[in-house]
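All residue numbers refer to positions in the sequence shown, counting from 1.
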Amino acid sequence: MKYKIKYSFFVLIVFTLFSSCKKDLNLQPIDSFSDANAFLSLDDVQLGVNGAYGRYGTYANDMYVNALISDESKLGADNAGQGAFSYRWQYSSDASSGGDVIEAFGGYYAVIDQVNRVLPFAMTASVKAGEEERRNQLKGQLLALRALGHFGLLQAYCKNYDPSDPLGVPVLLKSDPLGKPARNSMGEVMASIESDLDSAKTLLQSTSVSAFSDTVINSINIAAYQARIALYRRDYDAAITYSTEVINSGVKPLVSGSDFQGIWTDANANETLFRIKFLTSSAIGSLWTTTGGQVYVAPSDKLTASYDAADIRKNSYIATNPGGNRYVNKFFQSSRGGRVVDIKACRISEMYLVRAEAYAKRSNPDLAAGATDLNTLRASRITGYTDENFVSATGLIDAILQERFKELAFEGFRLFDLKRNNLPVERLAADASPAWQTLPASSNLFVFPIPRTETNANPNMVQNSGY
């Protein structure tokens, strides 16, 4: 992925929004255009909300860079430099070498700015009879998307969570394209994230199994993100509470066999709690393999070898082309075309792994409960699986992290999992030359650089160490 910018990302957002306004907004027959006359009805607001969902497609960058920098992938047989700087840990804040790792900075702030432009009008737009509930739904979705944008930035551009660390990211609660904000503390960023998610959850109606949709923000997938975030900030009791809320809702049970395989060709919506739909775009699929079959980024030998022969994930996630080269099968094909697949941003299996890890890491570990969640997931993936028992929290945690490696491969977790657990990236000799086999847990490269264009344009923006 390339990331070419010349000005502050706040300035870029203005041009992005105006260049796409004809597609995203219902323009009124007036002589001048502004936000105030673009969002006159809830239908107009809905189009603005749709734009925010579309911009959250920047999550694909998390999936890509997590694979490139961690031990999930290696450079493919047809790679001609795609992602090579990231894979070799040679990235910087300059777009010439750091294009992959700095892209999410502008991408997530574009989500946030879109929300901040639309949100004030969600409560002022005219409504038809019976539309008040729809107003709350739209406002709740916007608040949740703003929270997810800030969380994406926190994971990528900050150290492991410490509420007192002053180098969080700027919290933006209103649109100010020419602003020059300073970085808020990590605690302040987290407070904003939690406030937005809590407010969103109160605005959104509870959903049922029959009414649940994985393409819109709702109370259940908000709880799933709350579980993910609670694990990130090491609030293990909260992580258990939120993940249990999602699991017990029954909206997306674990599946196996062809029901699981069909997830990755978009033949069904099993297990998916939140997705970004791509009707014709190959934005996620072509990051790994071109529509012509060239393999840019391949699964690592380490990942491939981690699966048992009876594990359905091996062939669902990894395939081999006629030339004998392995490729990422997870985003390869749907009925809409080659590499045209949806982004599965949140799945129910993650909730079992979140809860298992939280049980193992809380102050009074519950090894039996954690093992039950881990074994439940494994049994749905591995034919003839026999439950495993654990006698120590350390052993259980190690097994859970290994299971996350296998279950959530290429979904935007691996590097962040290693980072939050203070673990190094360790690649096999078959996957990398000696210079690129081990990234120490202490390396500054686990924290991505703020784009140099931003630090040049904004004197209040402090760069991360090492860049």
> Run the salt bridge (charged side-chain N to carboxylate O under 4.0 Å, His left out) test against K201 and tell me which residues pass, sequence neighbours left out.
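Testing K201 for salt bridge (charged side-chain N to carboxylate O under 4.0 Å, His left out), a comparison that skips the adjacent residues, returns E245.
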> Would you sort out whether K159 and D165 count as a salt bridge (Lys or Arg N to Asp or Glu O under 4.0 Å), showing the intermediate values?
CA-CA 8 Å; K159 296 179 180 180; D165 189 334; 5.4 Å; no
> What's the verdict on salt bridge (Lys or Arg N to Asp or Glu O under 4.0 Å) for R336 and D342, showing C-alpha distance, side-chain angles and the deciding distance?
CA-CA 10 Å; R336 303 186 301 279; D342 298 337; 3.0 Å; yes
> Determine whether D373 and L353 make a side-chain contact, defined as any pair of heavy atoms from C-beta on separated by less than 4.5 Å.
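D373 does not reach L353 side chain to side chain.
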> Among L154, N160, V354, find the residue that satisfies the side-chain contact (heavy atoms from CB on, under 4.5 Å) test when tested with Y232.
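When L154, N160, V354 are each tested with Y232, the side-chain contact (heavy atoms from CB on, under 4.5 Å) holds only for L154.
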> Nearest 0.5 Å, what's the CD-CG distance between Q294 and N325?
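Going from the CD atom of Q294 to the CG atom of N325 covers 11.0 Å.
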> Does any donor atom in the side chain of Q437 or R427 lie under 3.5 Å from an acceptor atom in the other side chain?
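No pair is found: no donor N or O on one side chain lies under 3.5 Å from an acceptor on the other.
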> Just by distance, no angles: are the side chains of D198 and Q226 close enough, under 3.5 Å, to form a donor-acceptor pair?
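D198 vs Q226: donor-acceptor pair found between side chains.
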> Regarding K361 and N421, do their side chains bring together a donor and an acceptor under 3.5 Å, going by distance alone?
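Yes, side-chain donor-acceptor contact under 3.5 Å.
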> Mind checking whether H150 and I112 have side chains closer than 4.5 Å, heavy atoms only?
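They are in contact (side-chain heavy atoms under 4.5 Å apart), so the answer is yes.
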> Is the closest side-chain heavy-atom distance between P299 and T304 below 4.5 Å?
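In contact.
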> Is there a side-chain contact (heavy atoms from CB on, under 4.5 Å) between Y87 and L75? Walk through the geometry before answering.
CA-CA 8 Å; Y87 177 78; L75 299 184; 3.7 Å; yes
> Under a 4.5 Å cut-off applied to non-hydrogen side-chain atoms, are Y296 and T289 in contact?
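SC-SC contact between Y296 and T289 ruled out.
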> Checking S86 against D100: is there a side-chain donor and acceptor pair closer than 3.5 Å?
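Yes, a side-chain donor-acceptor pair sits under 3.5 Å.
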> Of all the heavy-atom pairs spanning G466 and N444, show the shortest one and how long it is.
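Answer, listing the atom of G466 first, then N444: CA-ND2, 3.6 Å.
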> Applying the salt bridge (charged side-chain N to carboxylate O under 4.0 Å, His left out) test to D417, which of R414, R420, K419 qualifies?
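Among R414, R420, K419, the one meeting salt bridge (charged side-chain N to carboxylate O under 4.0 Å, His left out) with D417 is R420.
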> Side-chain donor-acceptor pair under 3.5 Å between D71 and S300, yes or no?
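No pair is found: no donor N or O on one side chain lies under 3.5 Å from an acceptor on the other.
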> Indicate whether any N or O donor in one side chain lies under 3.5 Å from an N or O acceptor in the other, for T244 and R355.
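R355 and T244 do have a side-chain donor-acceptor pair below 3.5 Å.
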> Checking side-chain polar atoms at under 3.5 Å, does E103 have a donor or acceptor matched by the opposite partner on Y64?
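No, Y64 and E103 have no side-chain donor paired with an acceptor closer than 3.5 Å.
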> Is the positively charged end of R339 above the ring of F331, judged by distance under 6.0 angstrom from the centroid and angle within 45° of the axis?
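Checked: cation-pi criterion not met.
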> Once you round to the nearest 0.5 Å, how far does OG of S192 lie from CG of L143?
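With rounding to 0.5 Å, OG (S192) is 9.5 Å from CG (L143).
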> Should F410 and M63 count as side-chain neighbours, where that means a heavy-atom distance under 4.5 Å?
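No, side chains not in contact.
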> If we ignore angles and hydrogens, is there a donor and acceptor under 3.5 Å between the side chains of N464 and R183?
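On atom types as modelled, these side chains qualify, holding a pair under 3.5 Å.
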> Any side-chain heavy atom of K252 sitting closer than 4.5 Å to one from N270?
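No, their side chains stay 4.5 Å or more apart.
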> Would you please test Y352 and S349 for side-chain contact (heavy atoms from CB on, under 4.5 Å) and show each step?
CA-CA 5 Å; Y352 282 89; S349 59; 5.6 Å; no
> Going by the side-chain contact (heavy atoms from CB on, under 4.5 Å) test, name the single residue among L396, D398, I397 that passes it with T394.
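Among L396, D398, I397, the one that satisfies the side-chain contact (heavy atoms from CB on, under 4.5 Å) with T394 is D398.
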> Would you confirm whether W288, through its side chain, and I284, through its main-chain N or O, come within 3.5 Å as a donor-acceptor pair?
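Such a contact is found between W288 side chain and I284 backbone.
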> Verify salt bridge (Lys or Arg N to Asp or Glu O under 4.0 Å) between K302 and D431, making sure each step is shown before the conclusion.
CA-CA 8 Å; K302 181 178 181 178; D431 292 324; over 6 Å; no
> Just by distance, do the side chain of S195 and the backbone of A191 share a donor-acceptor pair under 3.5 Å?
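It does not hold such a pair.
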> First locate atom OG of S243, then atom OH of Y236, and finally report the distance between them rounded to the nearest 0.5 Å.
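Separation between the atoms: 13.0 Å.
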> I would like to know whether D62 and Y108 meet side chain to side chain donor-acceptor pair (under 3.5 Å); could you show each step before the answer?
CA-CA 11 Å; D62 284 354; Y108 279 125; 2.6 Å; yes
> Mind listing the closest non-hydrogen atom pair of A409 and L303 along with its distance?
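The pair with the smallest heavy-atom distance is CB-CD2, 3.8 Å.
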> Let me see the working for V425 and F446 under side-chain contact (heavy atoms from CB on, under 4.5 Å), right down to the final yes or no.
CA-CA 10 Å; V425 176; F446 277 94; 3.9 Å; yes
> Taking salt bridge (charged side-chain N to carboxylate O under 4.0 Å, His left out) as the test, write out the residues that go with R347, two or more places apart.
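For R347 the salt bridge (charged side-chain N to carboxylate O under 4.0 Å, His left out) partners, ignoring immediate neighbours, are E271, E407, E411.
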> Decide side-chain contact (heavy atoms from CB on, under 4.5 Å) for L401 and E357; before the verdict, give the C-alpha distance in whole Å, the side-chain angles of both, and the deciding distance to 0.1 Å.
CA-CA 8 Å; L401 293 179; E357 186 175 341; 4.1 Å; yes
> Checking T290 side chain against G293 main chain: does a donor-acceptor pair fall under 3.5 Å?
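Judged by distance alone, yes, a pair lies under 3.5 Å.
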> Quick one: closest heavy-atom pair of K344 and V341, and the distance?
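Nearest heavy atoms, K344 then V341: NZ-CB, 4.4 Å.
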> Does R234 use its side chain to pair, donor to acceptor, with the backbone of R362 at less than 3.5 Å?
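No, the answer is negative, given that no donor and acceptor are paired below the 3.5 Å cut-off.
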> Please name the pair of heavy atoms, one in I102 and one in S93, separated by the smallest distance, quoted to 0.1 Å.
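Heavy atoms only, the tightest pair is CD1-O, 3.9 Å.
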> Looking at every non-hydrogen atom in both residues, tell me the closest pair between L153 and A104 and how far apart they are.
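Scanning both residues completely, I find the closest heavy atoms to be CD2-O, 4.0 Å.
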> Within the side chain of Q463, is there an N or O that forms a donor-acceptor pair under 3.5 Å with the backbone of P449?
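Checked: no pair found.
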> Are M461 and N456 side-chain neighbours, meaning at least one heavy-atom pair lies under 4.5 Å?
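No, every pair of side-chain atoms sits at 4.5 Å or beyond.
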> Should the pair Y327 and F332 be assigned to parallel (<30°), tilted (30 to 60°) or perpendicular (>60°) ring geometry?
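Geometry flag for F332 against Y327: tilted rings.
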> S164 and D162: side-chain donor and acceptor closer than 3.5 Å?
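Yes, D162 and S164 have a side-chain donor paired with an acceptor closer than 3.5 Å.
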> Is the ring pair F448/F416 parallel, tilted or perpendicular, if the boundaries are 30 and 60 degrees?
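Ring orientation of F448 relative to F416: tilted.
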> Find the distance between CG (D196) and CG (L173) and round it off to the nearest 0.5 Å.
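These two atoms lie 6.5 Å from each other.
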> Within the distance-only criterion (no hydrogens, no angle test), does the side chain of D235 pair as donor or acceptor with the backbone N or O of A238 below 3.5 angstrom?
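Yes; at least one donor-acceptor contact below 3.5 Å.
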> Who pairs with E403 by salt bridge (charged side-chain N to carboxylate O under 4.0 Å, His left out), at least two apart in sequence or on another chain?
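Applying salt bridge (charged side-chain N to carboxylate O under 4.0 Å, His left out) to E403 gives R313, R378, K406.
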> Does L273 offer a backbone N or O that forms a donor-acceptor pair with the side chain of D214 under 3.5 Å?
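Looks like no, no N/O pair under 3.5 Å.
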> Between S281 and F278 (side chain of the first, backbone of the second, donor and acceptor by atom type, cut-off under 3.5 Å), is there such a pair?
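Between the backbone of F278 and the side chain of S281 there is no qualifying donor-acceptor contact (under 3.5 Å).
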> Measure across I450 and F105 and return the closest heavy-atom pair with its distance rounded to 0.1 Å.
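Taking every non-hydrogen atom into account, CD1-CE1, 3.6 Å.
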> Between K314 and D308, does any NZ, NE, NH1 or NH2 come within less than 4.0 Å of an OD or OE carboxylate oxygen?
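Between K314 and D308 there is no salt bridge, as every charged N stays at least 4.0 Å from the carboxylate O atoms.
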> State, without any angle test, whether S92 and S97 hold a side-chain donor-acceptor pair at a distance under 3.5 Å.
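Indeed, the side chains of S92 and S97 share at least one donor-acceptor pair under 3.5 Å.
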> Does either side chain, that of D311 or that of Y317, offer a donor lying less than 3.5 Å from an acceptor on the other one?
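No - no donor-acceptor pair under 3.5 Å links their side chains.
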> State, with a plain yes or no, whether a side-chain heavy atom of L287 is found less than 4.5 Å away from one of V297.
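They are not in side-chain contact.
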